[in-house]
Amino acid sequence: MLEIKPCTDLKLLAEYCGKCGKMPGPQFYLYLAKKGELLLAAGLFEIGSSSVDAVFYQGDETDPWLLDAVLRAGLNYAASHDIPTGRLPEEFRQEHRTLFAKLNYPPQAEFNITNFFGKYKNCGAV
């Protein structure tokens, strides 16, 4: 069964920060997608003053629903901590453009997270 969970391992968080040239700190959090012990994907997020940025994703570049699940988990975490705005920076979108082309995501890079969950319901449906 696929599980998407926050990563509490600070060493692993620091490793993912390093993969994208970021210095680890309390503004970062990481979500992992696993099937049993097998790591399928990881998403790194950075909290700003009133927004959260998706800064790094590593996973199967042929499975848009895996990216979707990790991003939704990260955005949900932000919303549950009263962060109103999600950001998918252009460079992040470009890096994963083949996956985003298959997802029903907002066209703008910055959006209201609550509105996102109300309007964009992928849930693995085509």
Side-chain angles (χ1 to χ4, degrees):
M1 176 168 73
L2 179 67
E3 291 184 292
I4 313 286
K5 290 187 172 182
C7 177
T8 57
D9 181 339
L10 296 179
K11 188 175 179 180
L12 189 58
L13 175 65
E15 181 182 321
Y16 276 94
C17 285
K19 287 182 180 198
C20 59
K22 303 281 187 176
M23 292 296 295
Q27 73 274 26
F28 291 100
Y29 62 95
L30 180 68
Y31 267 82
L32 304 174
K34 290 183 163 187
K35 192 176 249 184
E37 291 301 310
L38 179 63
L39 178 61
L40 300 175
L44 181 67
F45 300 85
E46 182 176 14
I47 298 171
S49 60
S50 64
S51 65
V52 64
D53 285 17
V55 293
F56 183 80
Y57 172 78
Q58 182 177 354
D60 182 349
E61 288 294 323
T62 65
D63 186 351
W65 308 118
L66 196 52
L67 170 66
D68 180 62
V70 170
L71 288 179
R72 286 176 184 274
L75 292 171
N76 185 61
Y77 173 86
S80 71
H81 286 82
D82 298 321
I83 298 168
T85 304
R87 290 178 18 101
L88 301 172
E90 192 56 36
E91 60 273 8
F92 183 85
R93 286 176 180 257
Q94 283 302 310
E95 184 176 345
H96 306 290
R97 66 184 163 276
T98 57
L99 295 174
F100 277 109
K102 298 174 184 174
L103 294 171
N104 182 27
Y105 268 58
Q108 66 275 19
E110 188 171 305
F111 51 89
N112 178 283
I113 296 172
T114 302
N115 291 347
F116 169 82
F117 282 118
K119 184 175 182 182
Y120 299 97
K121 300 177 184 194
N122 281 328
C123 301
V126 176

Requested in this report: Tell me, with the steps shown, if F100 and F92 meet side-chain contact (heavy atoms from CB on, under 4.5 Å).
Outcome: CA-CA 10 Å; F100 277 109; F92 183 85; 3.8 Å; yes
Query raised in the report: When you look at F111 and L88, which way does the side-chain contact (heavy atoms from CB on, under 4.5 Å) test go after all the steps?
Result: CA-CA 9 Å; F111 51 89; L88 301 172; 3.9 Å; yes
Requested in this report: Give the intermediate values and the outcome of side-chain contact (heavy atoms from CB on, under 4.5 Å) for residues L71 and Y31.
Outcome: CA-CA 9 Å; L71 288 179; Y31 267 82; over 6 Å; no
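Not counting sequence neighbours, the partners of K5 by the salt bridge (charged side-chain N to carboxylate O under 4.0 Å, His left out) test are E3.
Linking Ile, Leu, Val, Met, Phe, Trp and Tyr residues whenever their side-chain heavy atoms come within less than 4.5 Å places V52 and Y77 in a single cluster. Note: the hydrophobic cluster containing L2 also contains W65 (ILVMFWY, side chain heavy atoms under 4.5 Å, direct or indirect links). Put simply, F28 and L30 are part of the same group of oily side chains (I, L, V, M, F, W, Y) that touch within less than 4.5 Å, one to the next. Linking ILVMFWY side-chain heavy atoms closer than 4.5 Å, directly or via other members, places V55 and L10 in a single hydrophobic cluster.
Separating the OG atom in S50 from the CD1 atom in I83 is a distance of 9.0 Å, to the nearest 0.5 Å. For the atom pair L13 CG and L44 CG, the distance stands at 6.5 Å (nearest 0.5 Å). A distance of 11.5 Å separates NZ of K102 from CG of L67, quoted to the nearest 0.5 Å. The distance from the NE2 atom of H81 to the CG atom of N76 is 10.5 Å, given to the nearest 0.5 Å.
Side-chain contact check for F56 versus Y16: some heavy-atom pair is nearer than 4.5 Å. For the pair L66 and L99, the minimum side-chain heavy-atom distance is 4.5 Å or more. Residues D60 and L40 have side chains not in contact (no heavy-atom distance under 4.5 Å, counting atoms from C-beta outward). The side-chain heavy atoms of R97 and Q94, taken from C-beta on, include a pair separated by under 4.5 Å.
For the pair A14 and P24, the tightest heavy-atom approach, listed with the atom from each and the gap, is CB-CG, 3.8 Å. Scanning all heavy atoms of the two residues, the minimum distance from P89 to A54 falls at CD-O, 3.4 Å.
If you run side-chain contact (heavy atoms from CB on, under 4.5 Å) between L32 and each of L12, V70, I4, only L12 comes through.
Legend: salt bridge (charged side-chain N to carboxylate O under 4.0 Å, His left out) pairs involving residues 33-57, not counting sequence neighbours, sorted by first then second residue: K22-E46, D53-R87.
With hydrogens and angles ignored, the 3.5 Å screen pairs a side-chain donor or acceptor of Y29 with a backbone N or O of G74. The backbone N or O of E90 lies less than 3.5 Å from no partner atom in the side chain of R93, so there is not a single donor-acceptor pair.
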Expected list for residues 112-119: side-chain donor-acceptor pairs under 3.5 angstrom, two or more places apart:
unit_1	atom_1	unit_2	atom_2	d
N112	OD1	T114	N	2.9
N112	OD1	N115	N	2.8

